[in-house]
Amino acid sequence: MHTDAPHSARKSGDWISGNGHSCRLEGLLNPSSYRFEILEKERLSETVVRMVIRAPLVAASARPGQFLLIRPLEHSERIPLTISHADRSEGAITIIFQEVGATTRELGALKQGQTVKDLVGPLGTPSDIRRFGTVACVGGGVGIAVMLPVARALRQAGNRVVGIIGARTKDLLILEREMSEASDELIVMTDDGSRGGKGLVTDALADLAGRERVDHCYAIGPLPMMHAVCRLTKEKAIPTTVSLDPVMVDGTGMCGGCRVTVGGEAKFTCVDGPEFDGHLVDWDTLRARKSIYRDEERLALEARSGKT
Amino acid sequence: MPEQDPQVRARNFDEVALGYSEDLAVEEATRCLACKNKPCVRGCPVNIDIPAFIQLVAERRFKEAAEVVAQANALAAICGRVCPQEEQCEKYCVMARVNGPVAIGRLERFVADWARENLPQNGDRPQPSPDAQKVAVVGAGPAGLTCAGDLAAKGYRVCVFEALHELGGVLRYGIPEFRLPRSILDAQIESIRRMGVEFYTNTVVGRTFTIQQLLESGFDAVFIGTGAGAPVFLNIPGEELNGVYAANEFLTRVNLMNAKDFPVEGTPLKRPRRCAVIGAGNTAMDAARTALRLGAEEVTIVYRRSREEMPARAEELHHAEEEGVKFQLLTNPVEFIGDENGWLQRMRCIRMELGEPDESGRRRPHPVPGSEFEMEVDTAIIAVGQTPNPLIRQTTEGLAVEKWGGIVVDEKTGATSIPGVFAGGDVATGAATVITAMGAGRRSAIAIDEYLKAKRGTS
Ligand SMILES: Cc1cc2nc3c(=O)[nH]c(=O)nc-3n(C[C@H](O)[C@H](O)[C@H](O)COP(=O)(O)OP(=O)(O)OC[C@H]3O[C@@H](n4cnc5c(N)ncnc54)[C@H](O)[C@@H]3O)c2cc1C
Ligand code: FES
């Protein structure tokens with residue numbers, strides 16, 4: 001017989017106010033807390049949408065690095081999205097997502113004032129925010145939205161944060177201003193040079209590591225980007241944290257569908273992650289697992305074209 | 001009992017067993033000898049007065065029969081369908097030695113179905129009084145549902161918090177509709193709702209809020225019925241391959257997320273073609289029969305022991321065989337082998353033989369050297385067991401748990417190491433049965449009632 005220690009309360013920066021798991025629930029445990037109304041909707045780029053959704057119970061305990069599962073409509077799939085911001089006084093959370101598949105399009109088609117069918121969270125283990133020294137926060141594409149709350153929390157914890165964000169082209173670059181505010185220094189890269197430096201985030205990271213000591217790296221973005229960052233930082237012996245997003249169903253450790261191989265062991269991303277030591281991740285397996293439903297994804301889109 | 005033809009039903013999701021007509025039920029009921037010492041009741045985890053209800057069926061007093069059953073079992077329409085009666089009530093039936101036991105489970109199902117179809121449903125119960133004590137129930141499986149219904153009936157204010165977006169636990173995401181139609185489950189849950197229970201889905205206790213927070217926020221007691229939902233894998237090479245599933249994932253996609261209706265429904269599933277299911281419990285049978293219904297050409301149960309040791313309900317095993325599921329007994333997988341893109345192609349297995357009995361009394365299987373062979377499969381579903389989800393124990397300070405992860409409880413009351421916190425069902429026993437979970441929920445409801453009365457008395 002033994003007892004497991006409870007989650008230690010982690011310092012989480014000014015991302016949220018108040019202390020999550022000791023707050024009282026009175027006034028929140030009623031059906032209205034489960035009416036997930038879209039309070040704000042804004043397009044950050046042609047395909048990237050930012051939504052503020054009322055979810056007071058989730059906002060009350062969310063921490064940087066955690067995510068939620070959302071099911072926009074009755075027949076939709078449950079998909080994971082990172083919580084970009086939690087506003088406790090408003091009882092609202094912010095999500096930022098790219099309309100790529102059927103479900104994100106269904107979500108993106110909802111309007112302010114409408115509700116999403118189901119939303120559950122916060123899920124996953126919060127980021128392990130520590131004082132590392134200098135931290136490179138590398139974000140790519142819509143991964144910048146996932147990076148932002150972590151960068152804020154890292155800076156709050158006393159780190160020197162160097163943000164490195166990248167996109168294919170200027171129009172696809174999101175949250176530049178917010179990342180700039182969250183960082184001591186921000187480096188912007190685009191593949192075509194339409195904004196910031198021309199090249200990849202890894203070029204900028206190599207450059208940074210060449211000119212100053214980097215104690216830790218966070219890399220969040222498309223799989224090839226994270227993999228490339230990890231190859232580089234492994235060579236340079238910079239410990240690196242990545243945030244993974246394999247296919248999920250329940251998000252509570254029940255189905256095993258989100259398993260990834262880390263350090264030769266199977267880990268459930270939804271409970272053991274989503275953040276892992278990037279140098280231990282088996283990227284080939286992850287790439288394969290992420291492609292399981294590629295054909296079906298196309299079918300789902302076709303089935304929904306014409307519908308809104 | 002009439003059933004759908006195996007050839008036909010193996011390709012549809014409609015209920016397999018069609019149920020008794022009134023006449024058939026009466027005919028079966030008249031076989032009961034109404035033994036004075038009621039041996040069958042001894043085998044019933046919730047002590048239904050079996051001879052009494054069966055006599056009433058024989059006399060066509062169906063309404064009264066239903067009342068006798070309902071007194072002891074709030075989920076009779078479900079239990080009549082899924083209980084392992086051959087190891088419980090029917091095992092002790094005197095008629096077993098004559099010409100087969102009285103079909104107690106089928107009669108239970110009959111009276112519950114009859115009541116639902118023929119009696120007016122109870123109206124909404126009045127709301128609990130404003131000063132009623134409050135109980136939080138975590139998890140809406142059979143344990144939580146039963147505990148919640150019983151406490152509401154005693155006048156408490158009861159809130160159920162469920163992680164998924166639908167209620168029912170394994171009854172919803174695990175057991176397929178060809179064994180337990182959704183309409184039956186929905187009706188049973190609805191009857192508990194009408195007793196005044198408040199349901200909150202989309203709430204992962206331990207993440208959305210903790211047990212401690214519930215106790216600090218006006219709940220006088222908590223019942224934990226979170227089940228044994230975490231899948232066990234085999235830990236053999238190749239398990240990460242695409243096409244290898246835990247049974248939980250496979251069944252959840254189909255049952256909870258309706259993946260069989262993809263792409264109208266958003267959740268996809270790769271249709272299995274050649275499918276191996278590892279394990280031989282109810283979960284394995286359900287997965288195998290679901291794979292058939294999704295159009296698989298060949299479905300094989302792979303099990304390391306022999307037929308006698310299979311833990312599935314006799315009826316499920318029988319149905320699986322009838323529908324064309326194949327069996328590779330005394331066989332254990334040792335490796336999954338994939339193609340260059342990470343998709344499962346083959347499964348390497350080894351033959352087993354049975355040696356001396358182990359702690360469980362079952363003969364321990366040993367691999368036969370040099371007996372390895374390969375099976376060509378595109379889907380492998382692992383159904384070798386489940387353990388409690390660690391979330392609650394990791395986030396509840398002071399909650400004593402067993403080495404294997406189950407919550408330590410007083411067997412009679414479900415009391416845990418934390419005052420006011422009770423637990424029962426699979427989370428305390430490990431993966432067991434619907435009826436044992438129900439029984440635990442019921443016992444805890446009695447204990448919680450006593451605890452709350454004492455609490456009120458002293459405060
Ligand atoms: C596929 C399958 C087939 C089966 N067939 C049979 C059968 O034929 N006959 C039989 O008797 N038994 C059968 N069983 C076993 C039976 O279903 C279980 O023993 C029974 O459901 C246990 O009930 P429970 O209430 O303890 O837990 P569950 O039914 O597991 O319910 C637990 C609930 O708690 C929720 N939960 C978990 N964690 C949290 C959390 N942190 N916060 C909020 N909610 C949470 C879960 O989502 C779930 O809804 C089967 C099991 C499976 C998997
Ligand atoms: S999503 Fe099911 S276990 Fe992680």
Side-chain angles (χ1 to χ4, degrees), chain A residues 1-7 21-26 28-29 31 33-34 57-58 60-61 66 71 73 75-78 102-103 106 117-124 249-257 259-261 266 271 282 284-285 287-289 291-293 296-297 299-300 302-304, chain B residues 159 163-165 173 198 200-204 207-210 212-214 216-218 229-231 233 235 239-242 245-246 248-249 252-253 256-258 261-270 338 341-343 382 389-391 393-403 408 417:
Chain A
M1 201 209 279
H2 71 281
T3 53
D4 285 7
H7 271 298
H21 278 189
S22 66
C23 88
R24 290 166 81 87
L25 301 167
E26 278 148 346
L28 290 183
L29 286 183
S33 293
Y34 290 84
L57 284 166
V58 181
S61 47
Q66 289 190 298
R71 199 166 77 111
L73 307 172
H75 66 257
S76 305
E77 197 176 0
R78 295 161 61 104
T103 316
E106 283 169 347
K117 183 73 181 57
D118 295 297
L119 183 158
V120 60
L123 301 171
V249 184
D250 57 294
T252 65
M254 184 265 267
C255 75
R259 64 194 189 279
V260 292
T261 311
V271 284
D282 178 340
D284 293 335
T285 306
R287 190 172 303 115
R289 288 204 67 81
S291 73
I292 298 183
Y293 295 111
E296 283 74 11
E297 192 55 38
L299 273 176
E302 280 166 18
R304 277 159 187 67
Chain B
C159 298
L164 294 172
H165 59 272
Y173 75 74
E198 295 167 47
Y200 296 98
T201 52
N202 293 319
T203 310
V204 180
R207 290 276 195 237
T208 312
F209 45 74
T210 60
Q212 194 58 40
Q213 276 177 288
L214 286 169
E216 287 165 7
S217 307
F233 281 91
N235 288 318
E239 213 156 24
E240 72 285 354
L241 289 167
N242 294 352
Y245 299 86
N248 266 2
E249 180 184 358
T252 300
R253 283 182 179 273
L256 179 71
M257 304 308 300
N258 301 314
D261 297 326
F262 178 85
V264 174
E265 292 286 335
T267 303
L269 181 74
K270 287 278 176 203
N341 296 319
W343 286 91
I382 299 166
N389 191 308
L391 204 50
R393 64 174 190 264
Q394 284 168 353
T395 55
T396 311
E397 204 168 351
L399 186 68
V401 294
E402 307 278 1
K403 276 231 166 52
V408 176
S417 56

Engineer: Is the closest side-chain heavy-atom distance between Val264(B) and His75(A) below 4.5 Å?
Structural biologist: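 No, their side chains stay 4.5 Å or more apart.
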
Engineer: Closest heavy-atom contact between Arg259(A) and Leu241(B)?
Structural biologist: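 What the structure gives for the nearest pair is NH2-O, 4.1 Å.
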
Engineer: Could you tell me which non-hydrogen atom of Thr201(B) sits nearest to which non-hydrogen atom of Tyr34(A), and how far apart they are?
Structural biologist: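 Heavy atoms only, the tightest pair is O-CE2, 3.1 Å.
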
Engineer: List the atom of Pro231(B), the atom of Gly256(A), and the distance in Å for their closest heavy-atom pair.
Structural biologist: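 So the two residues come closest at CG-N, 4.1 Å.
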
Engineer: Under a 4.5 Å heavy-atom cut-off, does chain B meet the side chain of Arg289(A), its backbone, both or neither?
Structural biologist: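 Both backbone and side chain.
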
Engineer: Verify side chain to side chain contact (heavy atoms under 4.5 Å, CB included) between His165(B) and Arg78(A), making sure each step is shown before the conclusion.
Structural biologist: CA-CA 10 Å; His165(B) 59 272; Arg78(A) 295 161 61 104; 2.8 Å; yes

Engineer: So which part of Ile382(B) gets closer than 4.5 Å to some heavy atom of chain A, the side chain, the backbone, both or neither?
Structural biologist: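 No part of it gets close to chain A.
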
Engineer: Between Ala300(A) and chain B, with a heavy-atom cut-off of 4.5 Å, which part of the residue counts as in contact: side chain, backbone, both or neither?
Structural biologist: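 Its backbone and side chain both get close to chain B.
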
Engineer: Are Arg71(A) and Thr267(B) close enough that some pair of their side-chain heavy atoms sits under 4.5 Å apart?
Structural biologist: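 With C-beta onward as the side chain, the pair stays apart.
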
Engineer: If we define contacts as heavy-atom pairs under 4.5 Å, which of Ser291(A), Ser33(A), Gly253(A), Ala102(A) has the most with chain B?
Structural biologist: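 Of the options given, most contacts go to Gly253(A).
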
Engineer: If every non-hydrogen atom of Pro268(B) is compared with every non-hydrogen atom of Glu77(A), which pair is closest and at what distance?
Structural biologist: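 Taking Pro268(B) first and Glu77(A) second, the nearest heavy atoms are CD-OE2, 3.5 Å.
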
Engineer: Mind checking what makes ring pair (Phe, Tyr, Trp, His ring centres under 6.0 Å) contact with Tyr293(A), not counting sequence neighbours?
Structural biologist: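 By the ring pair (Phe, Tyr, Trp, His ring centres under 6.0 Å) rule, Tyr293(A) matches no residue at all.
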
Engineer: Go through the atoms of Asn389(B) and report whether side chain, backbone, both or neither lie under 4.5 Å from a heavy atom of chain A.
Structural biologist: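 Side chain only.
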
Engineer: Run the numbers on Leu29(A) and Phe209(B) for side chain to side chain contact (heavy atoms under 4.5 Å, CB included), then give the verdict.
Structural biologist: CA-CA 11 Å; Leu29(A) 286 183; Phe209(B) 45 74; 3.6 Å; yes

Engineer: Just how far is it from atom OG1 of Thr261(A) to atom CD of Glu239(B), taken to the nearest 0.5 Å?
Structural biologist: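 The OG1 atom of Thr261(A) sits 10.0 Å away from the CD atom of Glu239(B).
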
Engineer: Which of the residues Ile292(A), Val271(A), Leu299(A) is involved in the greatest number of heavy-atom pairs with chain B at under 4.5 angstrom?
Structural biologist: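 Of the candidates given, the most pairs with chain B belong to Ile292(A).
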
Engineer: So which of Asp284(A), Val58(A), Leu119(A) has the biggest tally of heavy-atom pairs under 4.5 Å with chain B?
Structural biologist: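 Greatest number of close heavy-atom pairs with chain B: Leu119(A).
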
Engineer: Picking from Ser76(A), Gly251(A), Gly121(A), Ala266(A), which has the most non-hydrogen pairs under 4.5 angstrom with chain B?
Structural biologist: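 Counting heavy-atom pairs under 4.5 Å, the top option is Gly121(A).
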
Engineer: Quick check on Thr252(A) against chain B: is it the side chain, the backbone, both or neither that has a heavy atom closer than 4.5 Å?
Structural biologist: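 When you check distances to chain B, atoms from both the backbone and side chain of Thr252(A) fall under 4.5 Å.
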
Engineer: Is there a side-chain contact between Leu123(A) and Val204(B) (heavy atoms, below 4.5 Å)?
Structural biologist: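 Yes - at least one pair of side-chain heavy atoms lies under 4.5 Å apart.
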
Engineer: Hey, are the side chains of Met254(A) and Leu164(B) touching, using non-hydrogen atoms and a 4.5 Å cut-off?
Structural biologist: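 Met254(A) vs Leu164(B): side chains touch.
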
Engineer: Measure the spacing between OG1 of Thr208(B) and CG of Leu57(A) and express it to the nearest 0.5 Å.
Structural biologist: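 So the OG1 of Thr208(B) and the CG of Leu57(A) are separated by 7.0 Å.
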
Engineer: Report yes or no: does Asn202(B) contribute a side-chain atom to a donor-acceptor pair with the main-chain N or O of Asp118(A) at less than 3.5 Å?
Structural biologist: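 It does not hold such a pair.
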
Engineer: Main chain of Ala288(A), side chain of Asn242(B): is a donor-acceptor contact present, judged purely on distance under 3.5 Å?
Structural biologist: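 At least one qualifying donor-acceptor pair exists.
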
